[in-house]
Novice: 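Before anything else, here's the structure in question.
Because the structure is predicted, anything quoted here is derived from the model rather than measured.
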Amino acid sequence: MRQRTQLLIIDPQNDFCDLPPDWRPSSAASPAPFAPSLPVAGAHADMQRLAQWLLQHAAQLDGITVTLDSHQAYDIAHPAFWQQGDGNPVQPFTAITAAQMRDGSFQPRNPDEQARTLAYLDALEAQGRYTLMVWPLHCEIGSIGHGVHADILNACRQWQSQRQRQRAVKHVFKGMNPYTEHYSAICAEVPDPQDAETGLNTALLQQLAQADTLVIAGEAGSHCVRATTEHIVQHMAALWGAEDFSRMVLLTDCMSPVAGFEAAQDTFLQQMRALGVRCCTSTAFSL
């Protein structure tokens with residue numbers, strides 16, 4: 001069945017949201033407040049606006065897809081994977097290059113990972129998109145931080161209730177392979193030939209290609225929203241049969257950049273506008 005209007009929500013997860021200090025996943029089950037590990041300034045308000053927009057337009061939405069950053073503690077982009085040359089820990093928000101591995105500044109904690117990790121960094125840097133960043137442990141599978149922001153979860157639940165027997169929210173898990181970064185829901189930064197789930201997600205692309213209008217929002221605009229949207233643009237022209245990207249809409253007030261990467265989000269939005277992608281606020285865009 002053709003899904004004429006689809007909403008793609010990228011990584012609307014608790015660990016990315018700057019939740020209020022007293023926020024709890026459940027007042028009865030959790031006596032202590034939850035502290036997100038990688039909060040993006042403005043993300044909590046972004047998700048509240050997106051949930052409101054979703055509820056207002058629920059009757060017009062034919063499909064909703066939610067992507068979920070899904071990691072193990074041991075991951076090439078987490079501190080547990082790395083150590084400095086002197087054996088000291090590597091702090092979050094440390095960028096690591098292949099040259100720094102070669103000169104001994106940083107090394108995997110497991111020496112057996114040396115060759116594989118260096119080959120990964122070389123391949124990553126050859127693409128020119130990202131330098132490996134060691135992030136705080138985030139979106140650990142099964143943790144509260146991995147869960148979906150409560151307002152988005154509730155809005156999706158209401159949409160499913162209205163469209164029961166017709167529609168269910170689809171979920172796309174990404175990032176479970178510990179040896180490659182997976183910002184984009186379309187494919188990992190460097191696909192692992194031994195892991196098909198890191199390769200091109202043709203099923204997701206074909207599903208999104210059914211949309212006459214594809215609305216995109218989520219976190220963070222500088223990273224996972226950016227990477228996913230860029231890959232959609234890269235591959236969708238062939239599926240749509242034309243390079244008309246006006247059917248894509250980015251809700252600019254329902255995404256925010258990671259601190260220090262504001263310019264990356266600004267550049268991304270400028271590039272998308274130049275391609276014909278519509279970039280507008282949730283209050284200005286109606287279905």
Side-chain angles (χ1 to χ4, degrees), residues 6-13 15-18 38-47 49-50 53 65-69 77 93 95 124-133 135 138-139 152 172 174-175 180-191 200-201 204-205 208-209 211 213-240 243-285:
Q6 295 189 42
L7 172 62
L8 176 60
I9 310 176
I10 298 169
D11 300 2
Q13 291 162 273
D15 263 344
F16 294 135
C17 294
D18 53 342
L38 188 48
V40 175
H44 176 53
D46 293 340
M47 294 303 98
R49 282 188 290 269
L50 180 57
W53 183 90
T65 300
V66 176
T67 75
L68 295 168
D69 216 27
F93 303 104
L124 178 69
E125 292 169 23
Q127 297 177 5
R129 283 166 55 85
Y130 297 101
T131 298
L132 183 134
M133 176 66 71
W135 301 105
H138 65 282
C139 296
I152 296 296
V172 176
K174 61 185 182 68
T180 181
E181 295 157 284
H182 210 147
Y183 294 120
S184 168
I186 304 302
C187 66
E189 291 307 309
V190 179
L200 191 66
N201 191 334
L204 176 58
L205 283 169
L208 299 177
T213 302
L214 174 59
V215 183
I216 302 174
E219 303 301 339
S222 55
H223 286 78
C224 296
V225 175
R226 169 191 166 195
T228 302
T229 305
E230 288 175 344
H231 279 154
I232 291 172
V233 166
Q234 178 183 345
H235 295 283
M236 199 61 81
L239 292 171
W240 278 335
E243 292 190 1
D244 177 11
F245 299 112
S246 63
R247 70 179 70 188
M248 294 175 60
V249 180
L250 287 167
L251 297 182
T252 56
D253 64 338
C254 298
M255 64 181 71
S256 294
V258 175
F261 293 90
E262 293 82 2
Q265 176 170 305
D266 291 343
T267 299
F268 157 62
L269 292 175
Q270 290 171 10
Q271 292 172 338
M272 292 302 106
R273 290 187 183 100
L275 290 172
V277 176
R278 289 179 282 170
C279 300
C280 51
T281 65
S282 59
T283 54
F285 179 70

Novice: Just verifying a value: how many Å separate Met236 CE and Thr229 OG1, rounded to the nearest 0.5 Å?
Specialist: 10.5 Å
Novice: Please determine whether side-chain contact (heavy atoms from CB on, under 4.5 Å) holds for the pair His138 and Gln13, giving the CA-CA distance in whole Å, both sets of side-chain angles, and the decisive distance to 0.1 Å.
Specialist: CA-CA 10 Å; His138 65 282; Gln13 291 162 273; over 6 Å; no
Novice: Going from CG on Asp69 to NE2 on His223, what distance comes out if it is rounded to the nearest 0.5 angstrom?
Specialist: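 The NE2 atom of His223 is 11.0 Å from CG of Asp69, to the nearest 0.5 Å.
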Novice: If I take atom SG from residue Cys279 and atom CG from residue Leu269, how far apart are they, to the nearest 0.5 angstrom?
Specialist: 5.0 Å
Novice: Nearest 0.5 Å, what's the NE2-CG distance between His44 and Asp18?
Specialist: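 So the NE2 of His44 and the CG of Asp18 are separated by 7.5 Å.
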Novice: Donor-acceptor pair, Glu262 side chain versus Gly260 backbone, under 3.5 Å?
Specialist: yes
Novice: Where do Gln265 and Pro257 come nearest, in terms of heavy atoms and distance?
Specialist: OE1-N, 3.0 Å
Novice: What closest approach, in Å, do Met47 and Gly218 show between heavy atoms, and which atom pair accounts for it?
Specialist: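 Closest approach of Met47 to Gly218, heavy atoms only: CE-CA, 4.0 Å.
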Novice: Do Met272 and Phe268 have side chains that approach each other closer than 4.5 Å (heavy atoms only, starting at C-beta)?
Specialist: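 Touching, per the 4.5 Å side-chain cut-off.
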Novice: Any idea which heavy atoms bring Gly221 and Arg226 closest together, and the distance?
Specialist: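 Looking at all heavy atoms of both residues, the closest pair is O-CB, 3.3 Å.
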Novice: Arg129 and Tyr183: side-chain contact (heavy atoms from CB on, under 4.5 Å), yes or no, with the steps?
Specialist: CA-CA 11 Å; Arg129 283 166 55 85; Tyr183 294 120; over 6 Å; no
Novice: A side-chain contact here means heavy atoms from C-beta on lying under 4.5 Å apart; do Ile232 and Ile216 qualify?
Specialist: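 They are in contact (side-chain heavy atoms under 4.5 Å apart), so the answer is yes.
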Novice: Taking side chain as C-beta onward, heavy atoms only, is Thr65 less than 4.5 Å from Leu204?
Specialist: yes
Novice: Let me see the working for Asn201 and Leu205 under side-chain contact (heavy atoms from CB on, under 4.5 Å), right down to the final yes or no.
Specialist: CA-CA 6 Å; Asn201 191 334; Leu205 283 169; 5.9 Å; no
Novice: Within the distance-only criterion (no hydrogens, no angle test), does the side chain of Glu181 pair as donor or acceptor with the backbone N or O of Ala77 below 3.5 angstrom?
Specialist: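 Not a single qualifying donor-acceptor pair exists.
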Novice: When you measure from the side chain of Asp253 to the backbone of Ser282, do you find a donor-acceptor pair of N or O atoms at a distance under 3.5 Å?
Specialist: yes
Novice: Which pair of non-hydrogen atoms, one from Ser246 and one from Arg278, has the smallest distance, and what is that distance?
Specialist: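 Closest approach of Ser246 to Arg278: O-NE, 2.7 Å.
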Novice: Does any part of the side chain of Asp11, heavy atoms only, come nearer than 4.5 Å to the side chain of Thr228, both counted from C-beta?
Specialist: no
Novice: Let's go through Cys280 and Val249 carefully: what are the C-alpha distance in whole Å and the side-chain angles of both, what is the deciding distance for side-chain contact (heavy atoms from CB on, under 4.5 Å) to 0.1 Å, and is it a yes or a no?
Specialist: CA-CA 7 Å; Cys280 51; Val249 180; 3.9 Å; yes
Novice: Mind checking whether Phe261 and Trp135 have parallel, tilted or perpendicular rings, split at 30° and 60°?
Specialist: tilted
Novice: Measure the CG-CD distance between Leu275 and Glu230 for me, rounded to the nearest 0.5 Å.
Specialist: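 Here the interatomic distance stands at 9.5 Å.
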Novice: For the side chain of Thr180 and the backbone of Val190, is there at least one donor-acceptor N/O pair under 3.5 Å apart?
Specialist: yes
Novice: Between Ser222 (side chain only) and Val258 (backbone N and O only), is there a donor and an acceptor less than 3.5 Å apart?
Specialist: yes
Novice: Give the minimum heavy-atom separation between Pro39 and Cys17, together with the two atoms involved.
Specialist: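 That would be CB-O, 3.8 Å.
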Novice: As an exercise, state the distance from OG1 of Thr281 to CZ of Arg49, rounded to the nearest 0.5 Å.
Specialist: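 The distance works out to 9.5 Å.
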Novice: Write down the atom of Tyr130, the atom of Leu124, and the distance for their closest heavy-atom approach.
Specialist: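 Looks like O-CG, 3.6 Å.
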Novice: Would the distance check show the side chain of Glu219 and the main-chain N or O of Ser256 forming a donor-acceptor pair, the cut-off being under 3.5 Å?
Specialist: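 Side chain of Glu219 to backbone of Ser256: a pair is present.
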